[in-house]
Amino acid sequence: MRPTGKLHLGNYMGALANWVKLQDDYECYFFIADLHALTTDYADTSQIAPNTLEVALDFLAGGLDPERCTIFVQSHVKQHFELPLLLGMITPLGWLERVPSYKEMQENLSSKDLTNFGFLGYPVLMASDILLYQADYVPVGQDQQAHVELTREIARRFNHFFKTGGDEVLPEPDALLTPSPKLPGTDGRKMSKSYGNTILMTDSEPAVRQKLKTMVTDPARVRRTDPGDPDKCPVGDLHKVFSTPETLTKVYEGCRSAGIGCIECKSWAADALVQLMQPIQERRAGFTNVRVEEILAEGSARAGVRAEQTMVEVRAAMQMR
Ligand code: SF4
């Protein structure tokens, strides 16, 4: 996860909540991708360190447990600098230019100059992040599948050039597709920091209720007496993700018959969010910054040991001794 600031409910439902489940079934590595932040925020790096701490706090608050998984900072594991350089030597430029998000992000972030080498090469950095741990699986949503596919191609090319006679040095990882429910922001578009429509995992109860009050609804419900359709309403989408089946039934019946008003319906959605977020916020309050730094240092040391095992094999295969 990139350190772009405090995480929002879209980050939580789209990734973190799944990761929390995975930590019991797999040996998991989760990291804060501060080097990736540099690929776009190279001109002003002042927020990367404070944001790294915020994301780490959100990881822990969300339920990642440093006893059951490894949580670390990408730049604290120096092998994340070394492997991308080596893999960059064998990655054809055309592969990078074809990555769908390359053009897309350049257009979306038009206020930034993204003609830099680091940005073009970020899929190599991403491939290294995965291959350094000789990972079997990468938990991703549909939109990230192209990156895993490119990682597989880079691994295949490496293994083809540098045969060792034993097992392949860089096994091709599989995508572990994780469910990421549609989560709208307050303006009805996908919840995203760049749209300014987020509900943060750290938002207080009054802030959540206030944000819900201003949330857009089914445009067909102009007056209280107009029936609406929760399937065409962003608040309805929130209910589908967070509310109990009983509340959901009340929403569908009440909305379609104009039996309930949007204000009431939104207050039920806010209730569900507050209930979800309360234990998360309590856990967050239990961590000091000093403790978080310790956890990151321990995790980075552990990740470094695992990454070095891979690098020993990589250097030997490339005859870089
Ligand atoms: S009643 Fe609820 S689901 Fe229906 S339009 Fe209003 S906010 Fe949306």
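In this chain, numbering begins with 1 at the start of the sequence shown. Read the numbers this way: they start at 1 and go in the same order the structure lists the ligands and their atoms.
We find that R209 and E205 are joined by a salt bridge, their nearest charged nitrogen and carboxylate oxygen being less than 4.0 Å apart.
At a cut-off of 3.5 Å, with distance as the only test, no side-chain donor of Y122 or T40 sits close to an acceptor on the other residue. Residues D34 and S75 have side chains that bring a donor and an acceptor to within less than 3.5 angstrom of each other. Using modelled atom types, one finds a donor on one side chain and an acceptor on the other under 3.5 Å when comparing Q309 with R306.
A centroid separation of 6.0 Å or more is found between the aromatic rings of H36 and Y42.
Nearest protein heavy-atom neighbour of atom 1 (S) of ligand 1: R221 NH1, 3.1 Å. Among all protein heavy atoms, the one lying closest to atom 6 (Fe) of ligand 1 is C262 SG, 2.3 Å. Ranking the protein heavy atoms by distance from atom 2 (Fe) of ligand 1 puts C265 SG, 2.4 Å first.
Within the listing of ligand 1, atoms 5 (S) sit less than 4.0 angstrom from a heavy atom of D218.
Taking 2.8 Å as the threshold, C233 counts as a candidate ligand of atom 8 (Fe) of ligand 1, since one of its N, O or S atoms lies below it. Put simply, C255 gets within reach of atom 4 (Fe) of ligand 1, with an N, O or S atom under 2.8 Å from it.
Taking the six-membered ring where the residue is Trp, F72 and H80 present tilted rings, their angle falling between 30° and 60°.
Contacts with ligand 1 closer than 4.0 Å are made by side-chain heavy atoms of T217 only, the backbone lying farther away.
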